[in-house]
Visitor: 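Shown below is the structure under consideration.
When a ligand or atom number is given, it counts from 1 through the structure's own listing order. This structure is a prediction, so every number in the text was calculated from the model and none was measured.
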Amino acid sequence: MFGSVFSGGIVKKAIEKGFINVKVHDLRDYTSGKHKQVDDRPYGGSPGMVLKPEPLFTAIERLKGENSDPVYLMSPQGNPFTSRMAEQMAEIPRMILICGRYEGVDERVIQHLVTDEVSIGDYVLTGGEPAAVVIIDAVSRFIPGVVGKMESVKRDSFFSGIFDYPQYTRPREYKGKKVPEILFSGNHNRIEKWRRKKMLEKTWKLRPELFNEIKLSPEENKILEEIALKESKNNESN
Ligand code: ADE
């Protein structure tokens with residue numbers, strides 16, 4: 001599950017260059033019985049299986065040693081993973097991600113081993129592995145050197161808390177669809193303003209609640225008011 005993701009693209013290069021290091025551990029290597037059992041039926045009865053505490057305690061105690069690495073459990077009940085979290089996690093030298101499976105993880109693991117539970121969205125995956133891949137990818141982008149220019153990471157969608165502006169490349173016209181004229185104006189100031197407006201427009205349309213989280217400049221607030229007014233007029237006439 002991890003092999004294909006880390007054997008290509010930017011994450012692979014980051015691993016090769018030593019910017020990041022990812023080690024995948026099989027929980028079965030931390031079991032004691034001959035059956036290498038990592039899960040068991042839930043007490044109190046319910047369908048499915050629960051990850052046992054012993055292999056996880058053993059694995060994490062061994063991996064941590066004397067270090068105080070944070071331990072994140074991938075879980076649909078976790079804190080929603082955001083760009084801000086990715087940026088903060090990129091400051092942490094080493095961390096352990098637990099991929100939950102089956103119906104869940106013994107609560108004692110969550111109470112006594114886990115620093116935080118992290119969710120990548122409001123849906124349930126069959127296991128935490130895809131979530132760990134998402135987190136490793138997003139966190140890596142914030143590690144200096146991984147993406148060519150940190151400036152481009154910081155300009156990206158969600159770094160500023162809202163959506164990105166639309167991008168265009170050649171050809172200038174494709175099947176009658178033209179690239180907006182302003183991008184050829186050579187006026188960087190006007191282009192910047194246009195881009196900012198587009199970011200505000202798109203965010204307002206798709207995720208207006210994101211504006212609760214960020215602080216806009218007075219000028220941006222004014223643009224947003226105009227966008228909101230135009231939108232409400234459009235809705236009325238529909
Ligand atoms: N494991 C199962 N579903 C998950 C989700 N949405 N996020 C993180 N880990 C998960």
Visitor: Can R172 be said to sit on top of F184's aromatic six-ring, NZ or CZ under 6.0 Å from centre and within 45° of the ring axis?
Guide: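 Yes.
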Visitor: So, does D106 use its side chain to make a donor-acceptor pair with the main chain of R108 at under 3.5 Å?
Guide: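 Flag set: sc D106 to bb R108 pair under 3.5 Å.
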Visitor: Can you name the atoms of ligand 1, numbered from 1 with element, that are less than 4.0 Å from a heavy atom of V124?
Guide: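 Result: 3 (N).
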Visitor: Can a salt bridge be assigned to the pair E219 and K222 using a cut-off of 4.0 Å between side-chain N and carboxylate O?
Guide: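 No, E219 and K222 are not salt-bridged.
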Visitor: If you measure from the Lys or Arg side-chain nitrogens to the Asp or Glu carboxylate oxygens, is any gap between E231 and K205 under 4.0 Å?
Guide: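 Judged by the 4.0 Å cut-off on N to carboxylate O distance, E231 and K205 do not form a salt bridge.
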Visitor: Backbone N or O of G33 within a donor-acceptor pair of the T31 side chain at under 3.5 Å?
Guide: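 No, the answer is negative, given that no donor and acceptor are paired below the 3.5 Å cut-off.
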Visitor: Among protein heavy atoms, which lies nearest atom 7 (N) of ligand 1, and at what distance?
Guide: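 Going by distance alone, atom 7 (N) of ligand 1 is nearest to I120 N, 3.0 Å.
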Visitor: Under 4.0 Å from any heavy atom of M74, which atoms of ligand 1 are there?
Guide: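 Here the atoms of ligand 1 in question are 8 (C), 9 (N).
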Visitor: May I ask whether G100 has any heavy atom positioned less than 4.0 angstrom from an atom of ligand 1?
Guide: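 Judged by the 4.0 Å heavy-atom criterion, G100 does not count as contacting ligand 1.
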Visitor: Short list, please: which atoms of ligand 1 are under 4.0 Å from a heavy atom of V118?
Guide: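 Reading through ligand 1 atom by atom, the close ones are 8 (C).
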Visitor: Among G128, C99, S75, which one puts a heavy atom closest to atom 9 (N) of ligand 1?
Guide: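 Shortest heavy-atom distance from atom 9 (N) of ligand 1: S75.
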Visitor: Could you tell me which atoms of ligand 1, counted from 1 in the order shown, lie closer than 4.0 angstrom to a heavy atom of A131?
Guide: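 In order of numbering, the contacting atoms are 8 (C), 9 (N).
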Visitor: Should T126 be listed as contacting ligand 1, given a heavy-atom distance under 4.0 Å as the test?
Guide: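 False for this residue.
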